[in-house]
Undergrad: 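Mind having a look at this structure? Questions to follow.
In each ligand, atom 1 is the first atom listed, and ligand 1 is the first ligand listed.
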Amino acid sequence: MRCPICADEYPWPDDPVISLFDEENDAYQLVDVSTATPEKQADLARRGYRECPNPSGDTPQHYLPATYVDYLAPLVIGLVGAPASGKTHLLTAMIRQAYMGGLRAHRITTAALDFRRHADFRSRYIDRFEKGDALPGTETGVVEAADILLLRGPGGERPVTFFDVAGEDLQSTAALNRSSRFLVGANAVIFVYAPEDPLETKEAAAPTENRSFDLAVERLQGRPAGTDRLPVTVAVTKSDRLRYVAPADRWLRRGDEHMVDATRIRAESRDVFSYLHHIGAGASLGPFETFKRCTLHFVSASGGDAIPVGGRGNLDKHFARGVRPIRVLEPLVSILAMTGMITGPEASKVGLP
Ligand SMILES: Nc1nc2c(ncn2[C@@H]2O[C@H](COP(=O)(O)OP(=O)(O)O)[C@@H](O)[C@H]2O)c(=O)[nH]1
Ligand SMILES: [Mg+2]
Ligand SMILES: [Zn+2]
């Protein structure tokens with residue numbers, strides 16, 4: 001069993017003592033469930049946690065859902081991209097839509113596996129996003145997963161953990177930067193690229209290089225399993241800015257897809273590839289050139305630009321006309337197809353040349 005938070009491996013305990021979070025005292029309490037009825041035990045386990053022993057002692061105290069190992073091998077999905085490239089907005093739009101039943105067409109249902117983590121993610125990100133507030137920048141040094149979901153579908157029941165850390169941490173070459181450690185245990189990666197960023201206060205990545213992509217690719221390549229079995233996807237986000245630009249326009253107009261069609265996904269990937277090549281962002285094609293299974297997609301988390309609110313010096317931004325995500329589930333659907341969560345002859349061809 002590998003902990004998705006600290007990436008340590010350790011034997012999962014099978015003792016009947018689990019931790020329950022006590023809201024009143026704002027602390028975990030150890031509870032022995034051995035005398036409870038089986039029904040009650042199952043319910044407590046579903047709401048309970050186990051503290052990770054973190055054998056290498058390098059990560060602050062953390063807990064995993066007590067049922068984390070009761071399902072198929074967990075899927076750990078990491079987001080990689082430059083600061084302000086749109087990772088957090090994309091992840092928020094994606095998880096929100098999955099919760100709203102957006103994967104139903106693929107016969108997949110979504111539930112929270114870690115209720116506390118999800119409540120936190122909802123109040124900090126999803127609720128604000130729905131109100132049209134631009135989301136806060138991700139703090140550097142975050143090592144925790146953003147959310148842990150339980151997906152149930154034709155490929156079985158599987159916990160899915162998402163990691164979203166600050167772009168600055170992804171660009172850090174410090175070998176011991178703990179924030180990008182999730183890459184060690186990731187089973188899939190969403191590389192996030194934003195075309196021209198005229199509105200960003202932070203310096204946009206020069207298209208001639210993409211340091212967060214390069215460092216992540218390098219690090220993933222160095223893993224024992226190499227690049228053969230790691231499915232990746234490149235999401236060109238903020239594509240609302242390309243609404244009238246071919247070939248993005250054609251894909252954006254399609255909206256959400258309702259089935260997996262490997263040929264269509266290949267055609268979209270080819271269009272994104274040409275687009276990136278054409279604008280001189282060839283450096284962002286590293287994941288495609290390195291990994292065996294890769295798809296590329298045009299997406300938009302918000303559907304439009306956020307407008308600064310208040311006077312000068314105020315960095316808060318607001319999506320005045322609300323948010324309208326476009327095709328945000330496509331990168332996730334591709335990953336679910338490439339990892340066997342979505343099954344069938346089409347799914348098995350996704351991401352292959
Ligand atoms: N037009 C447009 N702007 C976006 C979109 N997603 C994010 N943004 C803007 O890009 C900024 C950075 O986004 P954020 O998700 O925080 O980037 P991160 O640093 O990669 O997590 C935000 O302030 C948003 O205003 C999008 O889909 N379209
Ligand atoms: Mg962020
Ligand atoms: Zn751990």
Side-chain angles (χ1 to χ4, degrees), residues 1-10 12 49-65 68 74 76 78-94 124-125 128-129 132-146 148 161-171 178-179 181-182 184-185 190-205 212-213 235-243 248 252 297-309 315-321 323-328:
M1 139 79 199
R2 184 198 288 277
C3 169
I5 313 286
C6 65
D8 274 350
E9 285 184 42
Y10 62 93
W12 187 259
Y49 292 83
R50 284 188 190 268
E51 185 181 351
C52 170
N54 184 218
S56 55
D58 59 356
T59 308
Q61 189 183 45
H62 51 282
Y63 289 79
L64 292 177
Y68 191 69
V76 178
L79 278 88
V80 167
S85 55
K87 298 181 292 301
T88 302
H89 281 74
L90 176 57
L91 181 63
T92 302
M94 201 180 258
R124 282 185 16 203
Y125 297 101
R128 278 156 115 156
F129 182 73
D133 293 339
L135 304 173
T138 311
E139 283 166 49
T140 55
V142 173
V143 292
E144 287 272 313
I148 304 183
T161 304
F162 289 94
F163 272 92
D164 174 29
V165 307
E168 288 85 350
D169 282 328
L170 293 165
Q171 292 180 338
R178 256 199 267 113
S179 303
R181 266 263 304 269
F182 71 85
V184 174
I190 301 176
F191 288 91
V192 179
Y193 177 85
E196 81 251 34
D197 253 350
L199 300 177
E200 268 30 295
T201 46
K202 292 181 195 171
E203 185 190 331
S212 55
F213 279 25
V236 172
T237 192
K238 311 192 193 183
S239 286
D240 48 280
R241 294 170 183 170
L242 306 175
R243 189 170 281 134
L252 297 173
H297 303 272
F298 287 115
V299 303
S300 166
S302 58
D305 281 323
I307 316 288
V309 289
L315 294 178
D316 288 349
K317 288 196 277 183
H318 190 77
F319 295 102
R321 273 169 293 167
V323 289
R324 201 174 59 86
I326 311 170
R327 291 175 75 81
V328 288

Undergrad: Closest N/O/S atom of H62 to the Zn ion (ligand 3), by atom name?
TA: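 The nearest such atom is NE2.
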Undergrad: Should the pair R2-D8 be classified as a salt bridge under the 4.0 Å nitrogen-to-oxygen rule?
TA: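 So R2 does not pair with D8 through a salt bridge.
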Undergrad: Take every heavy atom of G137, measure it against each atom of ligand 1, and state whether any distance is under 4.0 Å.
TA: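 In this structure, G137 fails to qualify as a contact of ligand 1 - no heavy atom is under 4.0 Å.
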Undergrad: So which bit of D240 gets within less than 4.0 Å of ligand 1, heavy atoms only: side chain, backbone, both or neither?
TA: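 Side chain only.
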Undergrad: Quick one, R50 with Y68, criterion side-chain contact (heavy atoms from CB on, under 4.5 Å). Give me CA distance, side-chain angles, the key distance, then yes/no.
TA: CA-CA 9 Å; R50 284 188 190 268; Y68 191 69; over 6 Å; no
Undergrad: As an exercise, identify every atom of ligand 1 less than 4.0 angstrom from a heavy atom of S300.
TA: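 It comes down to these atoms of ligand 1: 27 (O).
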Undergrad: What's the separation between atom CZ in F191 and atom OG1 in T237, rounded to the nearest 0.5 Å?
TA: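 Spacing of CZ (F191) from OG1 (T237) equals 15.5 Å.
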Undergrad: Identify, by atom number and element, the atoms of ligand 1 in contact range of K317, meaning under 4.0 Å from any of its heavy atoms.
TA: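 Atoms satisfying the 4.0 Å criterion: 23 (O), 25 (O).
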Undergrad: By the definition side chain to side chain contact (heavy atoms under 4.5 Å, CB included), identify the one residue from S239, S302, S300 that meets it with I326.
TA: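 For I326, the side chain to side chain contact (heavy atoms under 4.5 Å, CB included) test succeeds with only one of S239, S302, S300, which is S300.
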Undergrad: Show the nearest heavy-atom pair for residues A301 and V328, with the distance to one decimal.
TA: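 Nearest heavy atoms, A301 then V328: CA-CG1, 3.9 Å.
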Undergrad: With a cut-off of 4.0 Å, which atoms of ligand 1 are near a heavy atom of R241?
TA: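 Checking each atom against R241, I get 1 (N), 3 (N).
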Undergrad: Rounded to 10°, how many degrees is the angle SG/C3-the Zn ion (ligand 3)-SG/C52?
TA: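 Result: 110°, to 10°.
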Undergrad: Quick check on contacts: which atoms of ligand 1 are under 4.0 angstrom from a heavy atom of A84?
TA: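 Listed by number with element: 12 (C), 17 (O), 18 (P), 19 (O), 20 (O).
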Undergrad: Look only at interatomic distance and state if G304 has a nitrogen or oxygen under 3.5 Å from any nitrogen or oxygen of ligand 1.
TA: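 Yes, at least one N or O pair falls under 3.5 Å.
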Undergrad: Is D164 in polar range of ligand 1, meaning some N or O pair under 3.5 Å apart?
TA: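 No, since none of the N or O atoms of D164 sits under 3.5 Å from an N or O of ligand 1.
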Undergrad: Among D133, D305, T88, T92, which one has a heavy atom closest to atom 1 (N) of ligand 1?
TA: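 Nearest heavy atom to atom 1 (N) of ligand 1 lies in D305.
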Undergrad: Relative to the ring of F182, is the ring of F163 parallel (under 30°), tilted (30 to 60°) or perpendicular (over 60°)?
TA: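 Plane angle under 30°, so parallel.
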Undergrad: For the CZ atom on R324, are there more than 12 heavy atoms of other groups (residues, nucleotides or ligands in this structure) within a distance under 6.0 Å?
TA: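 No, because the 6.0 Å sphere around CZ of R324 holds 12 heavy atoms or fewer from other groups.
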Undergrad: G86 versus ligand 1: do any nitrogen or oxygen atoms come within less than 3.5 Å of each other?
TA: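 Between G86 and ligand 1 (N or O atoms, distance only) the closest approach is under 3.5 Å.
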Undergrad: Based purely on interatomic distance, does A134 place a nitrogen or oxygen under 3.5 Å from a nitrogen or oxygen of ligand 1?
TA: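 No, A134 has no N/O under 3.5 Å of an N/O on ligand 1.
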Undergrad: Can any side-chain N or O of K87 pair as donor or acceptor with the backbone N or O of A82 at less than 3.5 Å?
TA: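 Yes, K87 side chain to A82 backbone: donor-acceptor pair under 3.5 Å.
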Undergrad: Within less than 4.0 angstrom of ligand 1, does A82 place any heavy atom?
TA: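 It does, in that a heavy atom of A82 comes within the 4.0 Å cut-off of ligand 1.
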Undergrad: Counting N and O atoms only, with roles assigned by atom type, does the side chain of H318 sit under 3.5 Å from a partner on the main chain of G132, one being a donor and the other an acceptor?
TA: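 Indeed, once roles are kept as given, a pair shorter than 3.5 Å links the two residues.
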Undergrad: Has ligand 1 got any nitrogen or oxygen that is less than 3.5 angstrom from a nitrogen or oxygen of A306?
TA: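 By distance alone, the answer is no.
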Undergrad: Is the backbone N or O of A194 less than 3.5 Å from a side-chain atom of R241, with the two atoms forming a donor-acceptor pair by type?
TA: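 No, R241 side chain to A194 backbone: no donor-acceptor pair under 3.5 Å.
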